[in-house]
Amino acid sequence: MSETSPRLRAVLEGIPTYKPGKPAAAEGAQAYKLSSNENPYPPLPGVMETAMEAVRSFNRYPDMACTGLMSELAEHFGVPAAHVATGTGSVGVAQQLVQATSGPGDEVIYAWRSFEAYPIITQISGATAVRVPLTSGEVHDLDAMAAAITDRTRLIFVCNPNNPTGTSVRRAELERFLDRVPSDILVVLDEAYREFVRDPEVPDGIELYRDRPNVCVLRTFSKAYGLAGLRVGFAIAHEPVAAALRKTAVPFGVSQLAQDAAVASLRAEGELLSRVDTLVTERTRVLEGLRGQGWTVPDTQANFVWLRLGDRTVDFAAACEQAGVTVRPFAGEGVRVTIGETEANDIFLKAAEAFRKEL
């Protein structure tokens with residue numbers, strides 16, 4: 001009997017591997033991780049106690065419908081519960097959206113560079129990725145994205161603020177773009193960093209979704225809320241899309257601990273806003289510090305900054321690691337640096353200044 005390997009889908013060949021942020025160096029007291037856009041603060045008040053209570057029922061399955069969390073989200077954002085769907089982080093929900101809309105022969109449009117999971121989840125579904133380059137200012141080129149729409153387009157991702165550049169598209173240009181998209185094409189506004197936005201001209205996607213049935217908004221508890229390790233995200237969309245997300249969800253995918261912690265986090269909004277304000281203040285300090293050193297850094301509305309370094313990217317990341325902070329390099333393109341603790345940001349700024357002097 002001849003030995004052959006199991007037949008796997010050919011579309012899986014060549015799928016890029018998602019690269020998580022490198023952990024902080026193990027040695028030394030001054031080792032910080034600025035590579036994963038994590039919140040440097042511990043869980044919000046009351047969240048840990050809620051999570052510990054949930055541990056007592058680990059022998060039971062979680063509420064598959066996420067009833068309590070869905071109700072809390074609906075009330076928090078002023079939307080019908082039927083318009084809410086949850087998943088394993090916003091990336092899990094994004095994959096469900098692709099599965100629900102796109103397959104072989106279909107096209108998914110997104111900016112590039114943008115969130116590195118987009119090409120992965122598109123290729124897994126068998127759809128064709130249509131990458132539209134960012135403008136010279138590192139912003140989504142919405143005119144070019146609209147021009148890229150064909151009769152095979154099924155879904156468009158707009159990451160706002162964009163990961164990894166931190167740049168945002170503003171209300172007027174986004175509304176013009178949405179007006180140009182055919183109503184049978186789903187537009188996903190990926191707003192994982194919405195809580196960090198301070199530019200009043202950057203719209204809240206939930207305002208836009210309300211009278212646009214083809215708009216879906218993605219949010220997450222991984223960033224501002226500090227629950228990255230629990231993997232809970234959600235979408236707000238009109239009922240047909242939300243229902244499709246519930247159909248494509250992995251059964252029991254969001255643990256009870258994650259559900260309960262997310263509800264407790266929503267109820268601690270006052271402390272959340274205070275922490276986010278502190279990070280935004282640090283973001284401004286880091287941005288101004290880098291520009292004062294002579295770096296060209298795009299305006300950012302997220303919890304990170306972006307340096308386009310080209311072929312010096314890997315060298316810069318290595319220099320930062322040697323100094324005591326790990327950053328996220330995209331080889332040949334640039335480096336994304338999370339805003340972390342004041343001490344970590346100070347180390348990064350010193351490393352950036354030393355590197356610039358060597359150029």
pair Ile149-Pro182: side-chain heavy atoms closer than 4.5 Å
yes
For the pair Phe196 and Tyr193, name the ring-plane relationship: parallel under 30°, tilted 30 to 60°, perpendicular over 60°.
tilted
Just verifying a value: how many Å separate Arg336 CZ and Asn303 CG, rounded to the nearest 0.5 Å?
8.5 Å
If you measure from NE2 on His76 to CG on Leu69, what distance do you get to the nearest 0.5 Å?
11.5 Å
Any side-chain heavy atom of Glu201 sitting closer than 4.5 Å to one from Ser168?
no
What are the two closest non-hydrogen atoms of Val93 and Ala235, and how far apart are they?
CG1-CB, 3.7 Å
Would you call Arg328-Glu116 a salt bridge at under 4.0 Å N-O?
yes
State whether the side chain of Thr313 and the backbone N or O of Gly310 hold a donor-acceptor pair below 3.5 Å, judged by distance alone.
yes
Start with the C-alpha distance between Asp143 and Arg180, add both sets of side-chain angles, then the distance that settles side-chain contact (heavy atoms from CB on, under 4.5 Å), and finish with yes or no.
CA-CA 9 Å; Asp143 286 337; Arg180 296 176 64 182; 3.2 Å; yes
With the 4.5 Å side-chain cut-off for hydrophobic clustering, are Val197 and Ile206 part of the same group?
no
Please say yes or no: joined through hydrophobic side-chain contacts below 4.5 Å, possibly via intermediate residues, are Met64 and Phe58 part of one cluster?
no
Do Glu175 and Leu208 come within less than 4.5 Å of each other through their side chains, counting heavy atoms only?
yes
Intermediate values then yes/no, side-chain contact (heavy atoms from CB on, under 4.5 Å), Tyr225 and Glu195:
CA-CA 9 Å; Tyr225 287 94; Glu195 293 83 2; 3.5 Å; yes
Can you name the closest pair of heavy atoms from Ala94 and Leu218 and give their distance?
CB-CD1, 3.8 Å
Is the backbone N or O of Gly205 less than 3.5 Å from a side-chain atom of Glu191, with the two atoms forming a donor-acceptor pair by type?
yes
Donor-acceptor pair, Asn214 side chain versus Ile185 backbone, under 3.5 Å?
yes
Please give me the minimum heavy-atom distance between Gly68 and Asp63, naming the atom from each residue.
N-OD2, 4.2 Å
For the pair Asp277 and Arg198, find out whether any cationic side-chain nitrogen is under 4.0 Å from an anionic carboxylate oxygen.
yes
Donor-acceptor pair, distance only, cut-off 3.5 Å: does the side chain of Glu173 make one with the backbone of Arg170?
yes
Quick one: are Arg267 and Glu72 in side-chain contact, heavy atoms under 4.5 Å?
yes
Return the OH to OG distance between Tyr61 and Ser255, rounded to the nearest 0.5 Å.
14.0 Å
My understanding is that only one of Trp306, Phe316, Phe348 makes a ring pair (Phe, Tyr, Trp, His ring centres under 6.0 Å) with Trp295; could you say which?
Phe316
Judged by atom type as modelled, is there a donor-acceptor pair below 3.5 Å linking the side chain of Asp106 to the main-chain atoms of Gly103?
yes
CG of Asn345 to OH of Tyr32: how many Å apart, nearest 0.5 Å?
10.0 Å
In this structure, are over 12 heavy atoms from other groups packed under 6.0 Å from Phe252 atom CZ?
yes
Could you tell me whether Asp299 and Arg283 make a salt bridge, using a distance below 4.0 angstrom between a side-chain N and a carboxylate O?
no
Can Arg308 and Glu138 be counted as an ion pair, charged N to O under 4.0 angstrom?
yes
Scanning both residues in full, the closest heavy-atom pair of Ala82 with Ala242 reads O-CB, 3.3 Å
Close side-chain approach of Glu107 to Leu155, heavy-atom, < 4.5 Å
no
Spell out, as yes or no, whether a donor-acceptor pair under 3.5 Å connects the side chain of Asn160 to the backbone of Val169.
yes
Do Glu282 and Arg285 sit within salt-bridge range, that is, some charged N less than 4.0 Å from a carboxylate O?
yes
Less than 3.5 Å apart, any donor N or O on the side chain of Thr167 or Asn162 sitting next to an acceptor on the other?
no
Criterion side-chain contact (heavy atoms from CB on, under 4.5 Å) on Leu97 and Val241, from CA distance to verdict
CA-CA 8 Å; Leu97 287 166; Val241 175; 3.9 Å; yes
Same cluster for Leu134 and Val132 if Ile/Leu/Val/Met/Phe/Trp/Tyr side chains link at under 4.5 Å?
no
Kindly determine whether Arg171 and Asp204 satisfy salt bridge (Lys or Arg N to Asp or Glu O under 4.0 Å), including the steps that lead there.
CA-CA 9 Å; Arg171 179 175 288 101; Asp204 182 333; over 6 Å; no
Quick test of your reading of the model: are Glu38 and Lys33 salt-bridged, counting only N-O distances below 4.0 Å?
yes
Do Cys320 and Val325 come close enough that some side-chain heavy atom pair is under 4.5 Å?
yes
Arg154 (side chain) donor-acceptor with Val108 (main chain) under 3.5 angstrom
no
At what distance, to the nearest 0.5 angstrom, does OG1 of Thr86 lie from CZ of Phe234?
10.0 Å
Donor on one side chain, acceptor on other, Gln256 and Asp260, under 3.5 Å:
yes
His140 side-chain N/O to Cys159 backbone N/O, donor-acceptor pair under 3.5 Å
yes
Would the Tyr110 and Phe115 ring centres measure less than 6.0 Å apart?
no
If we ignore hydrogens and angles and just use 3.5 Å, is the side chain of Asn39 paired with the main-chain N or O of Ala224 as donor and acceptor?
yes
Ignoring hydrogens, what is the shortest heavy-atom contact between Pro203 and Arg194? Give both atom names and the distance.
O-NH1, 3.1 Å
Any donor-acceptor pair under 3.5 Å linking the side chain of Arg291 with the backbone of Thr296?
no
Any carboxylate oxygen within less than 4.0 angstrom of a Lys/Arg side-chain nitrogen, looking at Arg176 and Asp179?
no
Within 6.0 Å of CD in Glu75, more than 12 heavy atoms from elsewhere:
no
Side-chain donor-acceptor pair present, Tyr118, Asp190, cut-off under 3.5 Å:
yes
So if you build clusters from Ile, Leu, Val, Met, Phe, Trp, Tyr with side-chain heavy-atom gaps below 4.5 Å, do Val202 and Phe77 land together?
no
Short N-O contact, Arg56 and Glu53, less than 4.0 angstrom:
yes
Side-chain heavy-atom pair Leu189, Phe157 within 4.5 angstrom cut-off
no
Less than 4.5 Å apart, side chain to side chain, heavy atoms only: is that true for Phe177 and Ile156?
yes
Taking all non-hydrogen atoms of both residues, which atom of Arg275 and which atom of Tyr41 are closest, and how far apart?
NH1-CB, 3.6 Å
Say whether Phe330 and Val305 are linked into one hydrophobic cluster, either directly or through other cluster members, by side-chain heavy-atom distances under 4.5 angstrom.
no
Taking the six-membered ring for Trp, are Tyr209 and His238 parallel (under 30°), tilted (30 to 60°) or perpendicular (over 60°)?
tilted
Here the gap from Ile236 atom CD1 to Arg219 atom CZ, rounded to the nearest 0.5 Å, amounts to 6.5 Å
Which is it for Ser102 and Thr122 under the side-chain contact (heavy atoms from CB on, under 4.5 Å) test, yes or no, and what are the steps along the way?
CA-CA 8 Å; Ser102 310; Thr122 299; over 6 Å; no
